[in-house]
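All values below were derived from every heavy atom in this structure, side-chain atoms included, with hydrogens, water molecules and symmetry-related copies excluded.
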Amino acid sequence: MPMTRLPLFPLPVVLLPDALLPLHIFEPRYRRMVARCLEFDRRFGIVFHDPDRSGPFLTERGRVGCVAEIQTFELLEDGRSLILTRGRERFQIRAALEAVNPYYEAEVDAYEDTGAVLPAFLERRRTTSLELYQAVLAALPADGQGPDLDPASDISFRLAATLQTDPEWMQAFLQLRSESERLDRLDEVFRTVLRAGPSVDA
């Protein structure tokens with residue numbers, strides 16, 4: 001993704017690539033944003049921001065978020081809407097843009113993994129993480145049905161999307177620029193769950 005102008009929606013949740021996120025759009029400025037997105041390319045950026053912890057959103061340079069693409073749109077009678085979004089690529093804020101719309105906008109750059117890793121090594125790492133994840137599902141009281149994942153491609157974000165954890169942990173995970181690091185972080189969680197027993201949510 002080259003540098004581009006992107007509408008921003010700060011929320012106290014973290015969207016991961018390929019994850020689904022339903023949203024209830026009720027503020028007038030975000031109604032405008034969604035209308036603009038539907039006319040253009042159906043994409044906006046979600047940036048994790050908890051106003052109770054961090055105060056006002058300032059569109060700081062360097063913040064990392066995830067592009068949300070609108071999959072479905074349902075307009076309600078009073079002008080509110082229900083949308084379903086899917087996470088796409090990650091981005092990093094380069095600069096805030098002068099307010100010409102009531103919602104936030106910024107110039108953003110692609111935020112991609114760095115460094116090269118041999119595909120055979122990554123496939124082995126993915127298999128290890130998948131085996132730990134399946135062991136967690138098997139240890140849960142109810143029969144769990146995890147996503148159907150192929151270790152031939154990056155599975156880290158899809159595995160992370162199944163976790164119920166603190167959004168600050170998830171934001172730190174989103175910012176990791178190595179699939180191997182992300183899998184290591186997930187393996188720590190899975191091993192902790194297995195040691196603790198079935199009472200811990202994963």
Side-chain angles (χ1 to χ4, degrees), residues 1-114 147 149-150 153-163 167-168 170-177 179 182:
M1 181 180 68
M3 188 179 75
T4 185
R5 184 185 189 110
L6 192 67
L8 299 180
F9 195 172
L11 288 170
V13 298
V14 177
L15 177 64
L16 297 177
D18 205 39
L20 293 172
L21 179 65
L23 293 171
H24 173 205
I25 307 299
F26 55 89
E27 284 191 54
R29 59 177 166 170
Y30 293 117
R31 295 186 197 180
R32 288 268 301 273
M33 183 194 76
V34 167
R36 175 264 186 199
C37 290
L38 291 172
E39 291 177 0
F40 184 45
D41 62 0
R42 306 178 77 89
R43 293 157 68 92
F44 60 92
I46 290 181
V47 180
F48 170 65
H49 179 73
D50 185 342
D52 293 334
R53 296 183 185 182
S54 306
F57 181 66
L58 300 176
T59 326
E60 302 98 321
R61 177 184 174 90
R63 296 284 294 274
V64 176
C66 184
V67 172
E69 183 176 65
I70 299 171
Q71 304 289 288
T72 63
F73 170 80
E74 179 184 355
L75 181 64
L76 304 178
E77 290 185 0
D78 58 2
R80 294 177 296 119
S81 62
L82 302 175
I83 65 174
L84 178 65
T85 67
R86 182 179 291 277
R88 296 305 186 189
E89 64 269 28
R90 294 175 293 172
F91 66 85
Q92 186 170 40
I93 295 175
R94 173 184 286 264
L97 292 173
E98 184 177 349
V100 295
N101 290 301
Y103 46 85
Y104 301 101
E105 290 184 284
E107 287 184 346
V108 301
D109 292 320
Y111 187 83
E112 299 173 342
D113 283 355
T114 58
L149 300 175
D150 181 357
S153 59
D154 188 344
I155 61 172
S156 58
F157 290 118
R158 293 192 65 191
L159 282 177
T162 68
L163 301 180
E168 291 193 352
M170 199 68 80
Q171 178 64 25
F173 185 88
L174 180 73
Q175 293 174 200
L176 292 174
R177 304 188 84 165
E179 184 187 351
R182 291 193 295 272

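- Scanning for side chain to side chain contact (heavy atoms under 4.5 Å, CB included) contacts around Pro28 gives an empty result, with sequence neighbours left out.
- Arg182 contributes atom CZ, which lies 11.0 Å from atom CD1 of Ile155 (distance to the nearest 0.5 angstrom).
- Applying the side-chain hydrogen bond (donor to acceptor under 3.5 Å, both in side chains) criterion to Asp78, with sequence neighbours excluded, gives Arg80.
- Atoms OH and CG, on Tyr30 and Leu23 in that order, are 11.5 Å from each other to the nearest 0.5 Å.
- With values rounded to the nearest 0.5 angstrom, Gln175 atom CD is found 10.0 Å from Phe48 atom CZ.
- Here the side chain of Arg177 pairs a donor or acceptor atom with the backbone of Glu112 at under 3.5 angstrom.
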message = Working note: Leu8 + Arg63, criterion side-chain contact (heavy atoms from CB on, under 4.5 Å); need CA distance, chi angles, decisive distance, verdict.
response = CA-CA 11 Å; Leu8 299 180; Arg63 296 284 294 274; over 6 Å; no
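- Atom CZ in Arg158 sits 8.0 Å away from atom OG in Ser153 (nearest 0.5 Å).
- One distance of note links CG of Leu149 with OG of Ser156; it measures 10.5 Å at 0.5 Å rounding.
- For the pair Met170 and Ala160, the tightest heavy-atom approach, listed with the atom from each and the gap, is CE-O, 3.5 Å.
- Shortest non-hydrogen contact noted between Leu84 and Pro22 is CD1-N, 3.9 Å.
- Partner of Phe91 under the side-chain contact (heavy atoms from CB on, under 4.5 Å) criterion, chosen from Thr4, Ile46, Val108: Val108.
- Of the residues listed (Asp113, Leu16, Asp109, Val67), the one engaging Arg90 in a side-chain contact (heavy atoms from CB on, under 4.5 Å) is Asp113, and it is the only one.
- Annotation: side chain of Thr85 is in contact with side chain of Phe44 (closest heavy-atom distance under 4.5 Å).
- The shortest heavy-atom contact between Leu15 and Gly87 is CD2-CA, 3.6 Å.
- By the 4.5 Å heavy-atom criterion applied to side chains, Asp18 and Phe157 are not counted as neighbours.
- Not a single donor-acceptor pair under 3.5 Å links the side chain of Gln92 to the backbone N or O of Val64.
- The side-chain hydrogen bond (donor to acceptor under 3.5 Å, both in side chains) search around Asp41 returns none, not counting sequence neighbours.
- Under the 4.5 Å side-chain criterion, counting only non-hydrogen atoms from C-beta, Leu97 is in contact with Glu107.
- Residues Phe9 and Ile25 meet the side-chain proximity criterion, which asks for heavy atoms closer than 4.5 Å.
- Between the Arg86 side chain and the Leu20 main chain, no donor and acceptor come within less than 3.5 Å of each other.
- Residue pairs meeting the ring pair (Phe, Tyr, Trp, His ring centres under 6.0 Å) criterion with at least one partner in residues 55-84, sequence neighbours excluded, are His49-Phe57, Phe57-Tyr104.
- Taking the side chain as every heavy atom from C-beta outward, Val13 and Pro167 never approach each other to under 4.5 Å.
- Gln71 and Arg42 get closest at one heavy-atom pair: O-NH2, 3.9 Å.
- Nearest heavy-atom pair, Ser81 versus Leu75, reported as atom, atom and distance to 0.1 Å: CB-CA, 4.3 Å.
- Heavy atoms only, all atoms of each residue included: Asn101 and Glu105 are closest at ND2-OE1, 2.9 Å.
- For residues 31-40, no residue pair satisfies the salt bridge (Lys or Arg N to Asp or Glu O under 4.0 Å) rule, not counting sequence neighbours.
- At least one side-chain heavy atom of Glu89 sits under 4.5 Å from a side-chain heavy atom of Arg43.
- Evaluation of the side-chain hydrogen bond (donor to acceptor under 3.5 Å, both in side chains) rule for Glu179 yields Arg126 as partners, not counting sequence neighbours.
- Annotation: the span from His24 atom NE2 to Ile83 atom CD1 amounts to 10.5 Å, rounded to 0.5 Å.
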